Amino acid sequence: MKPEIYIKDLAKHTGQEVTLKGWLYNKRESGKVKFLILRDGTGYLQCIVFKGNVSPEVFEIAEKLHQEAAFEVTGLVKAEPRAVGGVELDATGVKLIGASEDYPITPKDHGVEFLIDNRHLWLRSKRQVAIMKIRHRIVKSIRDFFDEHGFTLFDPPIITPNASEGTSTLFQMEYFDLGKAYLTQSGQLYAEAGALALGKVYTFGPTFRAEKSKTRRHLTEFWMVEPEMAFYNLDDDMDLAEEFLEYIVKSVLKNNLAELEILERDITKLEKIERPFPRVSYDEAVQMLKDEGHEFKWGDDLGAADETIISSKYDKPVMVHRYPAEIKAFYMKRDPENEKLALAVDVLAPEGYGEIIGGSQREDDYDLLLSRIKEHKLPENFFSWYLDLRKYGSVPHSGFGLGLERTITWICGIDHLRETIPFPRMIYRNTP
RNA sequence: UCCGCGAUAGCUCAAUGGUAGAGCAUUCGGCUGUUAACCGAAGGGUUGCAAGUUCGAGUCUUGCUCGCGGAGCCA
């Protein structure tokens, strides 16, 4: 039987007798009174069990509840300033639903390795529940944003015959009699086909990178959202990116203050995320680094330390644009004002969270794209369909990719993105 | 792949080369307002693995395994 009422709605039922179902988050007891902290996924509620108010059998059941035992509790809802949340339940009945013996995660400190080993249980903790709720909100706001802006969801394939950019190491598999196939690292090339069919599309799904990255900013399986728009140039692309990020942050601020508080997030930092965002060209960024006294050679990619220096100058995301074409992907269009530059943009999150968006205007000229494919020694036969997009009604078009987990990490203000996805996949871990 | 750090009770951590300890969790007892409750007691150990130095190794040396952080790569 499903619960009739959840903790989040309890304040409306003050003075009424209700029955709730959930799990024991923690328990404190003092002789003849027990404080059971019930969690039900929507909130936390202190339930008081006085020995004098309940039958000996009920008191005995409460006595034997261990951490994370599932139970049902009936009682009177009371306003109570001494309770966290302002409401508590004066229990008259307690029923055990599922016992829990020797729950491994105690209310004391644990190490990361232990918690990750127990990820399936760690997800029940207050902090993880808060992060998952914010993840949900961000995903919803992403879908709402594109829906409200005339985009069509366009699902790219997960299994692809080749590397879309030809650089990253991909997860490989045998695909029946057709030889090797790979898990996608980006849906972008397919999204371009979608944009030329539907005008404005976005893809949203898991992507896979077999890079041996061992940092707090990397997962081997992560979620990416990639809008792609026909007739958008790089400036239009950046306009969209900043409006998009502002929308997401505002949505979390509007709906998830309780969760941000659990995470002890400094929300004044998030309240500053309003358009316009600073736009810095690669040339200007290089100059900034030199002004700071850092050695930097024009033509090199910005490293993590360089990004931190640049983003720390602002309290908003920074859009760094027009990178040297040599360090960027083959499909990016060159800047007509300087052939050495690609019409690319990276968005760096504030507070040192690093790159959360990478985007560009795409090369729309058939001959130039073909020569780039040849320069990069990519297998032409795999790209014939992609070249077709430049053969039949080619138009200027742009798009970007936003890393979902990195965005959640930044908005939540946490220090490792492994907590932002229910079951993280990392180089040395694929369980639980 | 490279650089750095680490591995002691179920968990988090202590222990000058000289008897392996605390808190939490568990079990038992006490407490009618606790907020990671508190107080008392008990059980709980092949100190990651292998070798070496030493009268004596958790501690020093070497190798290995596993993990963590960072770099590169990227979102």
Side-chain angles (χ1 to χ4, degrees), chain A residues 25-37 44 46-54 59 63-64 66-68 78 80-85 88 90 100-118 121-122 125-127 164-165 167-170 185-188 205-226 241 300-308 327-329 345-349 353-359 400-410 415-418 420-421 426-429:
Chain A
Y25 189 73
N26 199 1
K27 177 169 74 168
R28 287 178 283 272
E29 48 199 318
S30 173
K32 292 176 179 127
V33 61
K34 295 183 188 304
F35 304 90
L36 309 178
I37 312 301
Y44 303 84
Q46 174 160 282
C47 306
I48 315 301
V49 184
F50 275 115
K51 196 167 193 174
N53 291 4
V54 299
F59 198 74
E63 174 80 36
K64 290 193 172 155
H66 286 115
Q67 198 183 352
E68 285 305 321
K78 295 196 306 189
E80 174 52 71
R82 285 175 295 186
V84 176
E88 68 177 22
D90 204 352
S100 170
E101 302 288 336
D102 296 322
Y103 188 72
I105 301 176
T106 66
K108 285 280 178 182
D109 290 337
H110 297 282
V112 168
E113 190 185 351
F114 176 79
L115 289 169
I116 282 275
D117 283 343
N118 289 284
L121 302 175
W122 187 22
S125 74
K126 208 175 243 181
R127 178 183 164 85
S164 39
E165 298 175 25
T167 51
S168 295
T169 315
L170 305 187
Q185 61 159 339
S186 164
Q188 181 208 310
T207 51
F208 307 87
R209 305 274 167 99
E211 295 285 349
K212 294 194 169 180
S213 298
K214 273 185 68 171
T215 83
R216 66 181 72 193
R217 298 187 306 281
H218 289 88
L219 294 170
T220 56
E221 176 184 321
F222 65 96
W223 284 65
M224 186 153 68
V225 53
E226 295 175 284
D300 285 348
D301 205 354
L302 299 173
D306 307 315
E307 289 183 352
T308 303
I327 56 171
K328 287 294 180 183
V345 58
D346 282 356
V347 181
L348 311 178
Y353 280 96
E355 185 181 346
I356 53 173
I357 281 179
F400 61 82
L402 172 105
L404 178 65
E405 286 77 15
R406 285 187 181 176
T407 304
I408 300 168
T409 306
W410 160 51
D415 69 358
H416 201 304
L417 91 174
R418 75 186 134 210
T420 64
I421 187 167
M426 294 173 291
I427 172 168
Y428 291 127
R429 173 180 296 276

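Since this is a predicted model, take the numbers as computed values, not measurements. Here is how names work: the chains are called A, B, and so on, in the same order as the sequence lines, proteins then strands, and each is numbered from 1.
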Across the strands shown, which category fits [X] at heavy-atom distances under 4.0 angstrom: base, sugar-phosphate, nothing?
{"X": "A/Asp346", "answer": "nothing"}
{"X": "A/Lys214", "answer": "base"}
{"X": "A/Gly303", "answer": "sugar-phosphate"}
{"X": "A/Ala305", "answer": "nothing"}
{"X": "A/Gln46", "answer": "base"}
{"X": "A/Glu88", "answer": "base"}

How close or far is atom [atom2] of [N] from atom [atom1] of [X], stated in whole angstroms?
{"X": "A/Asn118", "N": "B/G10", "atom1": "CG", "atom2": "P", "result": "14 Å"}
{"X": "A/Ile356", "N": "B/A75", "atom1": "CD1", "atom2": "P", "result": "12 Å"}
{"X": "A/His218", "N": "B/A75", "atom1": "NE2", "atom2": "P", "result": "9 Å"}
{"X": "A/Glu68", "N": "B/G10", "atom1": "CD", "atom2": "P", "result": "22 Å"}
{"X": "A/Glu405", "N": "B/C74", "atom1": "CD", "atom2": "P", "result": "19 Å"}
{"X": "A/Asp90", "N": "B/U32", "atom1": "CG", "atom2": "P", "result": "16 Å"}
{"X": "A/Glu307", "N": "B/C73", "atom1": "CD", "atom2": "P", "result": "10 Å"}
{"X": "A/Ile116", "N": "B/C66", "atom1": "CD1", "atom2": "C1'", "result": "16 Å"}

Side chain of [X] only, heavy atoms from C-beta on: which candidate in [options] is closest?
{"X": "A/Arg406", "options": "B/C74, B/U12, B/C73", "answer": "B/C74"}
{"X": "A/Leu417", "options": "B/U26, B/A75, B/C11", "answer": "B/A75"}
{"X": "A/Asp102", "options": "B/G33, B/G69, B/U26", "answer": "B/U26"}
{"X": "A/Arg28", "options": "B/U32, B/U34, B/A75", "answer": "B/U34"}
{"X": "A/His110", "options": "B/G33, B/A71, B/C11", "answer": "B/C11"}
{"X": "A/Ser30", "options": "B/U32, B/U34, B/A75", "answer": "B/U32"}
{"X": "A/Glu113", "options": "B/A75, B/A25, B/G67", "answer": "B/G67"}

Pairing partner (Watson-Crick or G-U wobble, both distances under 3.5 angstrom) of [N]:
{"N": "B/G21", "answer": "B/C13"}
{"N": "B/U32", "answer": "none"}
{"N": "B/A41", "answer": "B/U27"}
{"N": "B/C74", "answer": "none"}
{"N": "B/G6", "answer": "B/C66"}

Can you check the distance between [N] and [M], where both ends of the measurement are the [atom1] atom (answer in whole Å)?
{"N": "B/G40", "M": "B/A51", "atom1": "C1'", "result": "46 Å"}
{"N": "B/U16", "M": "B/U54", "atom1": "P", "result": "23 Å"}
{"N": "B/A14", "M": "B/U27", "atom1": "P", "result": "28 Å"}
{"N": "B/A75", "M": "B/A57", "atom1": "C1'", "result": "49 Å"}

Can you tell me how far [atom2] of [Y] sits from [atom1] of [X], rounded to the nearest 0.5 angstrom?
{"X": "A/Lys34", "Y": "A/Glu29", "atom1": "NZ", "atom2": "CD", "result": "3.5 Å"}
{"X": "A/Leu417", "Y": "A/Thr409", "atom1": "CG", "atom2": "OG1", "result": "4.5 Å"}
{"X": "A/Phe400", "Y": "A/Ile356", "atom1": "CZ", "atom2": "CD1", "result": "9.5 Å"}

Quick check: are there more than 12 heavy atoms from other residues, nucleotides or ligands sitting under 6.0 Å from NZ of A/Lys51? no
Is the distance from OP1 or OP2 of B/A71 to the nearest side-chain N or O of A/Arg217 less than 4.0 Å?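 Yes.
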Counting only side-chain nitrogens and oxygens, does A/His66 get under 4.0 Å of the OP1 or OP2 atom of B/A25?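 No, outside the criterion.
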Tell whether A/Glu29 reaches the base of B/G30 with its side chain through a donor-acceptor pair below 3.5 angstrom. no
So, under a plain 3.5 Å distance rule, would you say the side chain of A/Ser213 forms a donor-acceptor pair with the base of B/C73? yes
Could you check whether A/Phe222 and the base of B/A75 form a stacked pair, meaning centres closer than 5.5 Å and planes differing by less than 30°? yes
In terms of side-chain heavy atoms, does A/Ser186 have a donor or acceptor partner in A/Glu226 at a distance below 3.5 Å?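 Judged by distance alone, the side chains do pair up.
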State whether a side-chain donor-acceptor pair under 3.5 Å links A/Thr106 with A/His110.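 On atom types as modelled, these side chains qualify, holding a pair under 3.5 Å.
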A/Lys126 to A/Tyr44 six-membered ring, cation-pi geometry met (6.0 Å, 45°): yes
Find which nucleotide of RNA chain B each of A/Thr106 and A/Ile37 is nearest to by heavy atoms, and output the residue with the more 5' nucleotide.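 Checking each residue's closest nucleotide, the 5'-ward one belongs to A/Thr106.
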For A/Gln67 and for A/Ile357, locate the closest nucleotide of RNA chain B by heavy-atom distance; then report the residue assigned to the nucleotide nearer the 5' terminus. A/Gln67
Can A/Lys328 and A/Asp346 be counted as an ion pair, charged N to O under 4.0 angstrom?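 A salt bridge links A/Lys328 with A/Asp346.
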